[in-house]
J.: 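Got a structure for you, written out below as structure tokens; questions coming shortly.
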Protein chains: 2
Amino acid sequence: MIESLTRKQQELFHFLLQHQDRFTQPPTLDELCLAMGLKSRGSLHAHVTALIGANLIKPLGGKQRGIQLTDYAKTLINHQDDPCRLPYVGVIAAGQPIEALENISYMAIPEPLKTDKPCYILTVKGDSMIEQGIFDGDWVIIEQRAYARNGEIVVALVNKAEATLKFIEQYPHETLLIPANASMKALRYKPEQVEIQGVLVGQMRSYTKTQ
Amino acid sequence: MIESLTRKQQELFHFLLQHQDRFTQPPTLDELCLAMGLKSRGSLHAHVTALIGANLIKPLGGKQRGIQLTDYAKTLINHQDDPCRLPYVGVIAAGQPIEALENISYMAIPEPLKTDKPCYILTVKGDSMIEQGIFDGDWVIIEQRAYARNGEIVVALVNKAEATLKFIEQYPHETLLIPANASMKALRYKPEQVEIQGVLVGQMRSYTKTQ
DNA sequence: TAGCATAAGAACTGATAGAGAACAAAATAA
DNA sequence: TTATTTTGTTCTCTATCAGTTCTTATGCTA
């Protein structure tokens, strides 16, 4: 996405990332022109349109409310500026798609619980990993990647519909998703049915909120 | 929600947030007009209506002087969770005193994993709490206090020598320290043998460092 | 040369903001 | 109670603002 931007477009994007706190309200084109030393809204608008195409800022559908970064763009800053804060994106319950939140919030995460790759946080619903010490209501930190080694715990999207947190075993003609719960069985799929969305790298639990 | 507001509407909302203490009673439209430099109540009223539609303020049932921030709006204020840092003080292994570190280090801890009382962090050694999802090598966040309710998980110092992480049950003539591990037995002590050093409030695990 | 990125500026359109009038409901004073 | 003032609500009208779409122009590079 970002690679397809021209130099000026990247410059604009980085400006928006770095100064997003500076604006209490989303900036107007005129304000951005002033800030970037341009004299014409029209010129800037072309760059803005490119950023919208790259899914970095949101179009506001005819409204006049300034331009806003997308959630996707915000995850990018996060990795650049403040490695300790990760996006909390929603809830993962076995058999359901990940329930995404309207407003992504950020949590400060201890350095050892994450990797230096992009990560995000989910809340776990269900007991499928209970024998691995992952309980209903725990938070998990997931490294965003599309592949895994056998024996890793992954966020897997099955049939493009159901998300689940399981051990994974991948063989040429079969992919197994294995719970850590004696009362549940391993699930067998064709490799193409299973899409890996991330790998477990950390886990957290609060004893004050849950009980 | 808040994104659906126009600039002026957001400005009004922020004004209300910042000056909510300033008004002993909810402000009238005229007072708000004065404060925001408007001359017409009618203009302001449109903004107020928009904020009501966004569930940010509520009218008080037809009464005058009615506008108040909603609970939802108040949650937006204290949303700034500063990454707070807790001291990492050492290792707790059942049967050993807490092995204190020479140099105490600090870790950034997510807000929900701690309390607003003083807390500290230990590394767990051993499997005595394995059925509670607390594994060898996990970090635990402990709220520093000298008392506990029955059923809480505590850091207990036994005979002023051995530290351990267990469920506690306190009775007039007996204190029980109960592991969460079917292969281990509960330990019985006289109350004066057991000193509580803190109560478990959070737990964390890294899957990248431990395996 | 053609093609692209960049910029300026004009012109257009719908969104937004504000003033003021008029009226209704509520609060206050008599 | 009644009369008066304050406050909330609805409306119209107008001016301005902000996003968009143009055209034009200037470098730069393959």
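Residue numbers begin at 1 in each chain, while the letters A, B, ... track the order of the sequences.
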J.: Find the bend of the helix from dT1(C)-dA30(D) to dA30(C)-dT1(D) as the angle between its two terminal axes (five pairs each), to the nearest 10°.
T.: 30°
J.: How close do Ala148(A) and Gln170(A) get, heavy atom to heavy atom, and via which atoms?
T.: O-OE1, 3.1 Å
J.: So, for Phe15(B) and Ala35(B), which heavy atoms are closest and what is the spacing to 0.1 Å?
T.: CZ-CB, 3.3 Å
J.: Can you tell which of dA8(C), dA15(C), dA17(C) lies closest to the side chain of Gln64(A)?
T.: dA15(C)
J.: Expressed in angstrom and rounded to an integer, what is the separation of Leu38(B) atom CG from dT16(C) atom P?
T.: 17 Å
J.: Of all the nucleotides listed (dT6(C), dG19(D), dA18(D)), which has the minimum atom distance to the side chain of Arg7(A)?
T.: dT6(C)
J.: Could you walk me through whether Lys190(A) and Glu192(A) satisfy the salt bridge (Lys or Arg N to Asp or Glu O under 4.0 Å) test, starting with their C-alpha distance in whole Å, then the side-chain angles of each, then the deciding distance to 0.1 Å, before giving a yes or no?
T.: CA-CA 5 Å; Lys190(A) 294 176 184 171; Glu192(A) 61 268 26; 5.2 Å; no
J.: Please state how far atom CG in Leu29(B) lies from atom P in dG20(C), giving the value in whole angstrom units.
T.: 17 Å
J.: Could you tell me how far apart Leu5(A) (CG) and dT6(C) (P) are, to the nearest whole angstrom?
T.: 10 Å
J.: Checking contacts here: which listed nucleotide (dA19(C), dA17(C), dA18(D)) is nearest the side-chain heavy atoms of His47(B)?
T.: dA17(C)
J.: Which nucleotide in the set dT6(C), dG8(D), dG9(C) lies at the smallest distance from any side-chain heavy atom of Arg41(B)?
T.: dG8(D)
J.: Any idea which heavy atoms bring Ala50(B) and Leu5(B) closest together, and the distance?
T.: O-CD2, 4.2 Å
J.: Quick one: label Gly42(B) by what it contacts on the DNA or RNA (base, sugar-phosphate, nothing), any heavy atom closer than 4.0 Å.
T.: base
J.: Decide yes or no, distance alone: a donor-acceptor N/O pair under 3.5 angstrom between the base of dG18(C) and the side-chain of Ser40(B).
T.: no
J.: Which one, dG18(C), dT6(C), dT10(D), comes nearest to the side chain of Lys8(A)?
T.: dT6(C)
J.: Is there a donor and acceptor pair closer than 3.5 Å between the side chain of Ser43(B) and the base of dA19(C)?
T.: yes
J.: In whole angstrom, what separates Leu32(B)'s CG from dT6(D)'s P?
T.: 18 Å
J.: Just by modelled atom types, is the Val194(B) backbone N or O under 3.5 Å from a matching donor or acceptor in the Thr175(B) side chain?
T.: no
J.: For Trp139(B) and Ile121(B), work out which heavy atoms get closest and say how close.
T.: CD1-CG2, 3.8 Å
J.: At less than 3.5 Å, do the side-chain atoms of Thr6(A) and the base atoms of dA5(C) form a donor-acceptor pair?
T.: no
J.: Identify, between Pro27(B) and Asp30(A), the residue whose nearest nucleotide on DNA chain D lies closer to the 5' end.
T.: Pro27(B)
J.: How long is the line joining CZ of Arg65(A) and C1' of dA15(C), in whole Å?
T.: 9 Å
J.: Evaluate the criterion side-chain contact (heavy atoms from CB on, under 4.5 Å) for residue pair Phe13(A) and His47(A); output intermediate values, then yes/no.
T.: CA-CA 9 Å; Phe13(A) 179 56; His47(A) 300 149; over 6 Å; no
J.: Given dA8(C), dG8(D), dT6(C), which nucleotide is nearest the side-chain atoms of Lys39(A)?
T.: dA8(C)
J.: May I have the distance from His45(B) (atom NE2) to dT7(D) (atom P), rounded to whole angstrom?
T.: 15 Å
J.: Distance check needed: dG14(C) P versus Lys63(A) NZ, whole Å only.
T.: 14 Å
J.: I need the CE-P distance between Met36(B) and dG18(C), as an integer number of Å.
T.: 8 Å
J.: So does Thr28(B) get a backbone contact from the side chain of Glu31(B), meaning a donor-acceptor N/O pair under 3.5 Å?
T.: yes
